[in-house]
Amino acid sequence: MSEDEELPDLGGGSTRSSNSTAVSGGGGDHNYVSPSPDQVLENVLENVLCFLTSRRDRNAASLVCKSWYRAEALTRSELFIGNCYSVSPRRVTNRFRLVKAIAIKGKPRFSDFSLLPPDWGAHFGPWLSAMSRSYRALEKLYLKRMSVTDDDLSFAAQSFPILKELVMVCCEGFGTGGLAIVASGCREIRVLELMDSDVGDDEADWISCFPDNVTCLESFVFDCVEAPINFEALERLVARSPSLKKLRLNCYISIGQLYRLMIRAPQLTHLGTGSFSPLEIVAQGEQELNYFSAFAACKSLICLSGFREIIPDYLSAIYPVCGNLTSLNLSYANINAEQLKPVICLCHKLQTFWVLDSVSDEGLQAVSAACKDLRELRVFPVQALEDAEGPVSEVGLLAISEGCRKLQSILYFCQRMTNAAVVAMSKNCLDLVVFRLCIMGRHRPDHITGEPMDEGFGAIVKNCKKLTRLAVSGLLTDRAFSYIGQYGKLLRTLSVAFAGNTDLGLKYLLEGCPKLQKLEIRDSPFGDSALFAGLHHYYNMRFLWMSSCKVTRQGCEEIARQLPGLVVEVITRDREENETSEYVDTLYMYRSLDGPRADAPRLMVRPSLMICGKHCTSTECRFSIARSLDFTLSVWVPCISR
Amino acid sequence: MERSLAYENDLSNLEATELRLGLPGTDESEKQSSRNNKRSSAEMDNSCEKDEQECAPAPKAQVVGWPPVRSYRKNVLHQKNESELSGMFVKVSMDGAPYLRKIDLKVYKNYQDLLKVLENMFKCSIGVYSEREGYNGSEFAPTYEDKDGDWMLVGDVPWDMFITSCKRLRIMKGSEAKGLGCL
């Protein structure tokens, strides 16, 4: 199993296997049989292994010897599958028998930015089939970037009767009809969270489908569901969910409705406020609800989000809880600095803050002054365009670096930046683990000196010794990559776009960063020779993504030939007859124990080609899948009988 | 040098002031940037790409997936931007009421929403629209002045057409509106 820093909160450790191999005396002594040395070993192991919760520790333990491998496999109850195609569901269920919690990740991250064809894959179905047979006692299911259908949800509800937690992040393929089945079928559900997922509006009244009795709901998150809901049913649901601590509403909930929910659930710790605006224009003279008092009554609130269609006048209602907030997400609220200041100056305990660049550098200066405990900052653009006006710049970044010394993670979108500000941050914020800077104009240099941004990013990798994730942007030469290769020894995730000059850039990375797991590159001039520089390392990586670079078909085939444990997926856009390109459009490659997948889009198996390893007699075979409207997807794997 | 190569890609900054030999519009770098444009959205019309190749300097086309903001977030903010930029405030008068109100038509999704709000705002009953009878039988009937200056019955045209053509609203007494309904 692969390693990943983004651990979903799957909770507790493993439990002892109930099917232990020991024979112990239950009845009279004459039945007692002395256990064999193997069984003793396994008993001891099982008792020890239950204390190992980290999957890396468990991976290490499983490598000691066959005995340890078996014992570990029997006692691991939490599974993490970083790439759903790296291993087949059957292989997983054969090895791990007692699984209570599973996390599965599917599509590569660049699919979020429309860089993959629709129906690319990552179907939950096959996993569900295997799990429905082997993991009937499943309690927690976490899916990220997977394609999930309503039928899948229905089957899951049937297959996992004691399912307690269902979390879907960036998933698609299902609708409110599927949610209705989950609501009615999963009677033990405590956590139901849908985040950044594309949920179809089947006009199903899914909120009404929860059972009528008191529920054990603790967390209910549906802010991404873009469909109206039955508010009265929701109100009744909240009223009969005494354990509810986290509630994130969608934008169809008005502030008046929010009020009604809040007074029913003052015990909430996490609240997503929905639209935060009224349904109708309040007529003059009509009494406004006392939102301020509703917030004041929620003494346990530590996390606020939502504000989807905020009328800024209402923002003052949250003053009573600001002093307790550790997390505030205003990243859908188009407010300016003046509107932000009175709120943020009260948030002295804030650790996580997401905001829109509409607050401008001035707003960020206010953040810097008030939020001394800030660990994570994300600044998103109101206008995600290359040539838009940019209200935030190096001024805001510098202010944050000076005021928020404990910063660990930053995502910052801007239109202009300077090396000096980035260097300053590298020296002020030594705890940085994640540094993601997106200068939205492609190839944009330091706007004051005109220099490339090499020195800024170089300083980050050099000074921030805990850095594991980096995203670069702006005008960057090969030098930037030489810095990253030289200093980025702990780097696991790297995103590169429109950067570098020659193959050297990529070579520096592949030769210099031993811990590199996930490398995603787009629109950079790296070619085959750079690709070959990573042959020693690709088996240690989760994946490599290269789109619109200078990699050729031959290069991809060569990699596939030399590394049989890799699956090399190549996507080529359909082109007009006179358009040719010697380069592939997208290369996505990853290690896999089970060879190429059979579910690539619009599969068409030609009679002369067979699945690798069975009948093919050539030294290599091209498993070719043809033609959706825009894409041809081909998979190269050398032919080795398994 | 590396820098100038990269700069050539950044058309909008330097193209205009760059010194070169030869006629304008024949620069190698333009072709290079056009190729970049080709790498953009697969849905883009091919004919459109060819046009950009011919005219110089090519404007910076939006590239697919850049900046890297999740489509979900882009959609939400895009919708908000549109609605914030162009609210559709119209005056609403009611026969017999001492002062007018103003409402933003963009806030509502259909006639049902609008009529409900008007009923609440003016504490009146408007009733149900029918194509033949209008709001016959109701105490009040909603009418509006359109772009041509004509007074129309609310509900006759599709909602989208209505919100773009409505200049102001007037809630008439049912008895006065009877004339309109009988046409």
Side-chain angles (χ1 to χ4, degrees), chain A residues 109-110 112-115 117 170 196-198 224 226 251 279-281 283-284 308-309 331-332 334 356 380-387 413 438-445 450-452 471 473 475-479 495 497-498 501-502 522-523 547-548 573-574 576 579 581 585 629-631, chain B residues 1-3 5-14 33 35-36 38-43 46-47 49-50 59-81 83-84 89 92 99 101-104 107-109 113-114 116-118 120-123:
Chain A
R109 198 179 73 96
F110 273 7
D112 289 352
F113 316 125
S114 314
L115 290 177
C170 298
D196 286 336
S197 295
D198 191 1
C224 64
E226 299 280 307
C251 59
L279 262 180
E280 306 148 359
I281 311 295
Q284 266 180 337
R308 293 299 209 82
E309 286 156 25
S331 67
Y332 291 99
N334 193 338
L356 281 178
F380 293 96
V382 169
Q383 288 188 286
L385 300 168
E386 279 194 78
D387 301 312
F413 283 85
C438 182
I439 303 168
M440 289 189 273
R442 289 171 281 157
H443 311 296
R444 207 165 275 178
E451 299 273 321
S473 61
L475 180 64
L476 292 170
T477 71
D478 289 342
R479 168 166 284 180
S495 300
F498 305 99
N501 304 117
T502 71
R522 64 168 292 180
D523 293 274
S547 57
S548 304
R573 247 187 337 119
D574 278 356
E576 299 288 296
E579 278 181 66
S581 175
D585 285 303
L629 279 175
D630 300 310
F631 294 90
Chain B
M1 284 297 304
E2 309 161 341
R3 207 194 294 174
L5 235 186
Y7 275 5
E8 269 164 19
N9 287 335
D10 201 357
L11 272 184
S12 52
N13 279 356
L14 294 175
S33 71
R35 212 187 301 134
N36 276 340
K38 273 207 199 132
R39 290 187 180 283
S40 53
S41 170
E43 289 97 60
N46 277 337
S47 59
E49 286 176 17
K50 286 182 188 129
K60 241 181 197 169
Q62 291 301 326
V63 171
V64 170
W66 187 264
V69 174
R70 276 182 189 161
S71 3
Y72 175 71
R73 179 175 285 279
K74 256 187 182 155
N75 290 341
V76 169
L77 287 173
H78 182 65
Q79 279 163 22
K80 280 173 42 136
N81 275 345
S83 59
E84 270 155 25
F89 281 92
V92 188
Y99 55 83
R101 300 300 304 270
K102 231 183 185 175
I103 58 172
D104 180 0
V107 166
Y108 310 108
K109 301 189 162 92
D113 285 354
L114 173 65
K116 209 160 49 140
V117 167
L118 291 177
N120 277 342
M121 206 179 251
F122 292 96
K123 307 285 183 269

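To find a chain, count down the sequence lines: A is the first, B the second, and so on, and within it residues start at 1.
Neither the backbone nor the side chain of A/L476 comes within less than 4.5 Å of any heavy atom of chain B. With a 4.5 angstrom heavy-atom cutoff, A/F380 touches chain B only via side-chain atoms. Both the backbone and the side chain of A/S331 come within less than 4.5 Å of a heavy atom of chain B. Heavy atoms closer than 4.5 Å to chain B are found in the side chain of A/C170, but not in its backbone.
With hydrogens and angles disregarded, a donor-acceptor distance shorter than 3.5 Å links the side chain of B/S71 to the backbone of A/D112. Between the A/R442 side chain and the B/W66 main chain, no donor and acceptor come within less than 3.5 Å of each other.
A/R109 meets the salt bridge (charged side-chain N to carboxylate O under 4.0 Å, His left out) test with A/E520; sequence neighbours excluded.
Highest contact tally toward chain B, considering only A/F113, A/F498, A/F110, is held by A/F113 [criterion: heavy-atom pairs under 4.5 Å].
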Does the pair A/L115 and B/V64 meet the rule for a side chain to side chain contact (heavy atoms under 4.5 Å, CB included), with working shown?
CA-CA 7 Å; A/L115 290 177; B/V64 170; 4.0 Å; yes
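Closest of all the heavy-atom pairs between B/P67 and A/F413 is CB-CE2, 4.3 Å. In terms of heavy-atom proximity, B/K74 sits nearest to A/A384 at CE-CB, 3.8 Å.
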